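Within every chain, numbering begins at 1; the chains are lettered A, B, ... in the order of the sequence lines, protein sequences first and strands thereafter. Quick caveat: nothing in here was measured; it's all calculated off a predicted structure.
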4 protein chains.
Amino acid sequence: MKKRARRKAERPAEILDAAFEEFVKNGYAATRLEDVAARASVTKGTIYFYFETKERVFDEMVRHKSRALFPELESYARSLEGPYKQRLHALIVFVYGKIAEDRAARETLRFLIAEGSRFPDLVDRHYDEFVEPVIDQFKSVIDGGIAAGEFRASPATAFPEIVMSPALLLSLWSMLFGTRRQIDVAAFTDASIDLLMKGLGLPD
Amino acid sequence: MKKRARRKAERPAEILDAAFEEFVKNGYAATRLEDVAARASVTKGTIYFYFETKERVFDEMVRHKSRALFPELESYARSLEGPYKQRLHALIVFVYGKIAEDRAARETLRFLIAEGSRFPDLVDRHYDEFVEPVIDQFKSVIDGGIAAGEFRASPATAFPEIVMSPALLLSLWSMLFGTRRQIDVAAFTDASIDLLMKGLGLPD
Amino acid sequence: MKKRARRKAERPAEILDAAFEEFVKNGYAATRLEDVAARASVTKGTIYFYFETKERVFDEMVRHKSRALFPELESYARSLEGPYKQRLHALIVFVYGKIAEDRAARETLRFLIAEGSRFPDLVDRHYDEFVEPVIDQFKSVIDGGIAAGEFRASPATAFPEIVMSPALLLSLWSMLFGTRRQIDVAAFTDASIDLLMKGLGLPD
Amino acid sequence: MKKRARRKAERPAEILDAAFEEFVKNGYAATRLEDVAARASVTKGTIYFYFETKERVFDEMVRHKSRALFPELESYARSLEGPYKQRLHALIVFVYGKIAEDRAARETLRFLIAEGSRFPDLVDRHYDEFVEPVIDQFKSVIDGGIAAGEFRASPATAFPEIVMSPALLLSLWSMLFGTRRQIDVAAFTDASIDLLMKGLGLPD
DNA sequence: GATGAATGAGGCTTCATTCAT
DNA sequence: AATGAATGAAGCCTCATTCAT
C-alpha cells in the first residue's frame with residue numbers, strides 16, 4: 001500500500017489549505033501554527049518538517065491558493081472573437097467572476113493589503129503574474145476596439161486597469177460590508193459593464 | 001503656566017498619533033505598545049493611564065485619524081450648484097482627493113481591511129459615517145441629474161457606489177504597487193471622470 | 001524607603017550569581033533560564049528585562065564572576081621586594097591560590113574550555129585581562145632574577161607561562177578527578193615551587 | 001562481494017567518526033544527530049539502529065576515539081633502557097607527543113572537561129586507562145632514578161603527575177589561544193624537559 | 001538493515017498588562 | 001499623573017526519538 005507515500009505527497013497541500021483557513025480567520029500574526037496543525041490533523045512538528053518558518057507557511061499558502069487563479073486567462077483571451085465590445089464584455093464577465101466571487105481570490109487580495117509590507121516578494125509576484133497580465137488583456141482588447149472604431153480614444157484608455165475597478169469595489173465591499181449590506185453581484189456586474197461600455201464606447 | 005496643563009491635555013492625541021505611525025508600519029499585532037510609547041515620548045504606563053488596552057488604543061486611533069475626514073462633506077454638497085454634470089464632477093474631485101491622496105484615509109482603509117474582523121464596530125462606524133453619506137451624496141446628484149435629463153437612467157444608477165470605484169483602485173494601487181509603478185493621480189482622476197460622465201450621460 | 005530602587009540595582013548581579021550556579025551545574029546549553037530565574041527568585045521575564053538573550057546572560061555572568069579575580073595583581077607584584085627567588089615564590093603562591101582554590105576561577109576556566117568556541121570574545125577578553133598580565137608578571141620576575149644572577153638563562157625562561165602549568169594541572173585535576181582522588185593543594189604547591197626553583201635556579 | 005558486508009561492519013565506526021567531528025564543532029548539547037547522520041552519509045534512523053540514544057553515541061564516540069591513544073605505552077616504557085634521565089626524557093617526549101599534538105587526545109580532554117559531569121563513567125574510565133597508567137610510568141621512572149642516585153628525592157616526586165603539567169598547558173593553550181598566539185611545541189617541549197630535569201635532578 | 005515522516009515535549013523569547021513608588 | 005520594573009501567558013521553533021514501510 002502506498003498509504004504512507006500518498007499521505008506524504010499530499011501533506012504540504014493539506015497543511016497549506018488548513019493554513020489558508022486559519023490565516024483568513026485570524027490574520028497572519030494572530031494565527032497559531034498549532035491551530036493550523038490541528039486543522040490539518042497533524043502536529044506542530046510536521047509543519048516544520050515541510051516549511052521552515054511561519055512566514056514560509058504563509059508565503060507558500062498564498063502562492064498555493066493563487067496558483068489556480070488565472071491559468072486559462074491567456075487561452076481564454078485568445079479565444080475571443082467577434083466585435084470588440086463583445087470581447088470586452090466577455091472578458092469582464094470572466095475576470096469579475098474570479099475577482100468578486102472566488103473566495104481564495106478575495107482573501108488573497110486581503111492578505112496582500114494586510115501583510116504586503118511584510119511580504120514584498122508576494123506583492124511583486126502577484127503584480128507580475130496576475131495584475132499585469134489581466135491589465136494587458138484589457139488593454140489589448142480596448143486598443144483593438146479603438147483601432148476597429150468601436151471604442152473612442154479617451155483618457156481612460158491610458159488606464160486599462162480602470163476596467164477592473166468596479167470588480168475591486170465589489171470584492172472589498174463583500175469583505176467589509178458583506179454582512180451588513182450585500183450587493184447583488186450579477187446586477188452590479190451588469191451595471192458595471194453598461195457603464196464601462198458607454199464610457200468607452202462611441203456616442204450612439 | 002498652562003504649559004503643563006496643555007501638555008496633559010494633548011497627551012492622548014500625541015499617543016494616538018504615535019500609535020498611527022506604528023500601526024501603519026507594522027500592523028496591529030506586530031506593533032508593540034512600547035514603541036508607541038517611545039514615539040510619543042512617554043512610557044508604557046502612561047498609555048495605560050489613558051487607554052484600557054491595546055485594542056482601545058487602536059480603536060481610538062482609527063477614530064481619531066478619520067475624524068477629520070469628511071466634516072465638510074454635507075456643506076460642500078449643499079453648496080453645489082449648476083448643471084448636475086458639473087456638480088458630479090466637483091463632487092468626484094472633492095472625494096477622490098480625500099480617498100486617493102490623503103495618507104490617513106488610505107491607511108484607515110487598510111486598517112479596516114486588515115483588522116476589520118477583529119474590530120467590527122470600527123467597520124460599522126465607518127460605514128455609517130463615511131461610506132453611506134458619501135454614497136448618498138453621489139446618489140442624490142445622480143438622481144437629480146436623471147430627473148433633470150442630464151443623465152440616463154441606467155443600471156449603474158442603482159449602484160451609486162460605483163462612482164467611487166476608480167478612487168478605490170487608485171488608493172489600493174498606491175498601497176500595493178506604489179513603489180513599483182506610480183499612477184498619475186490627476187490624469188487618472190480626469191480619465192475616471194471622463195469615463196463616468198460618458199457612462200452615465202446621455203448619448204450626444 | 002528605597003526598597004524598590006535598591007532591589008533594582010541589585011537584580012542584575014543576583015541574576016548573574018544565580019546563572020553562575022546553574023551554568024556550573026549543567027553547562028551552557030542544558031541550563032534553562034527558567035531555573036536561573038527561580039534561583040534568583042524572579043520570573044523568566046525579569047531576566048529578559050536585564051539581558052537580551054541567554055547568550056548575553058552567560059557572557060555577562062562570566063565577566064561578572066571574573067571581574068574580582070586579579071584586581072590587585074599589579075599592585076601586589078609591585079610590592080614585591082628582596083631576592084628574586086623570594087619574589088617568584090611569593091608570586092606563585094599568590095597566583096596559585098587564585099587559580100587552584102578559587103571556585104569562580106576554576107569554573108571560569110571550565111566555561112572557557114567548554115564554550116570558548118561559542119564565545120570567542122570571552123576568550124579574547126580573558127587572554128588580555130588575565131592570562132597575559134599574569135604571564136607578564138612572571139616574565140618580569142624571572143628576567144629580573146636572571147639579570148641579578150639568581151636564575152639561569154634557560155630555554156624555559158622563554159616560556160614564562162610554564163610556571164603556571166602546575167596550577168593548571170591542579171585546577172583541572174580538581175575539576176575532573178576531585179571526587180576520586182584529591183590532591184593536597186598545599187603540598188602540591190610546595191612541590192611545584194621546589195621543582196620550579198630548582199629548574200630555573202643556578203646549580204648550587 | 002563483501003563490499004556490502006564490509007560497509008555494514010564499518011558503519012558504527014563511520015558514525016562515531018562523524019559524531020566526533022560534529023561534537024568537536026558544537027559541543028554535546030548543540031550537536032544534532034541529524035548532522036552526524038548527514039556527515040556519515042546515513043539517515044537518523046540508522047544511527048538509532050546502532051546506538052540507543054544520543055548519550056550513547058557520545059559515550060561510545062569518546063571511547064572509540066581514545067582507544068588508540070596509548071596502546072603501546074607499557075611496551076614502550078618497558079623498552080626503555082640506560083640512564084633514568086634518558087628514560088624520563090624519552091617518556092616525556094613520547095607522552096607529550098600524544099597529549100599536545102594529537103587532535104583526538106586534545107578534543108577528548110575538552111570533552112571530559114566540558115561534559116564530564118554528565119558522563120562520570122567516561123571520566124572514571126579515562127582516569128583508569130590513561131591518567132593513572134601514565135602517571136604510574138612516570139612515577140616508576142622517577143623512583144628508579146632516585147634509587148639510582150640520578151634524581152634527588154624532592155617534594156615533587158610525590159606528585160609524578162606534575163611532569164605532565166606542561167603538556168597540559170600546551171594542550172589547553174592550543175585549544176583556547178591557538179588562533180591568537182601559537183606556542184612552538186618543540187621548543188616548549190625542550191624547555192619543559194630542561195626545567196623538569198633540572199628541577200628533579202641532583203645539583204651539578 | 002535502512003529510511004525518513006511524524007511526534008511532542010521543552011526551551012527561548014516576546015509583550016500586553018499590572019502596580020508599587 | 002507618570003514611571004518602569006516585574007509578571008506570566010503564549011507562541012515559535014528545535015530536535016531526540018519512534019515506527020510504519
*Rounded to 10°, tell me the angle between the two end axes of the helix from E:dA2-F:dT21 to E:dT21-F:dA2, each built from five pairs.*
10°
*In terms of side-chain heavy atoms of C:Val42, which of E:dG4, E:dA6, F:dT7 is nearest?*
F:dT7
*asked:* Between A:Leu176 and B:Tyr127, is there a side-chain heavy-atom distance shorter than 4.5 Å?
replied: no
*Indicate whether any N or O donor in one side chain lies under 3.5 Å from an N or O acceptor in the other, for A:Thr108 and A:His126.*
no
*asked:* Side chains of D:Lys25 and D:Arg39, heavy atoms from C-beta outward: is any pair under 4.5 Å?
replied: yes
*Going by the angle between their ring planes, with limits at 30° and 60°, are B:Phe111 and B:Phe58 parallel, tilted or perpendicular?*
perpendicular
*Roughly how far, to the nearest 0.5 Å, is CZ of B:Arg110 from CD of B:Glu107?*
4.5 Å
*Between P of F:dT17 and CZ of D:Phe51, the distance in whole Å*: 13 Å
_Distance-minimising heavy-atom pair for A:Leu122 and A:Arg63_ = CD1-NH1, 2.7 Å
*Could you state the CD1-C1' distance from D:Ile47 to E:dG1, rounded to the nearest angstrom?*
15 Å
_How many whole angstroms separate atom CZ of A:Phe49 from atom P of E:dT3?_
14 Å
*C:Arg103 versus C:Phe20: any side-chain heavy-atom pair under 4.5 Å?*
yes
_Does the protein touch nucleotides 10-16 of chain E at the base, only the backbone, or not at all? Give it as B, S and - per nucleotide, heavy atoms under 4.0 Å._
BSBBBSS
*Distance below 4.0 Å between C:Thr46 side-chain N/O and F:dT7 OP1 or OP2*: yes
*Answer yes or no: does a side-chain N or O of D:Tyr50 lie under 4.0 Å from OP1 or OP2 of E:dG1?*
no
_Aromatic ring pairing D:Tyr28/D:Phe23, orientation class (parallel under 30°, perpendicular over 60°, tilted between)_ = parallel
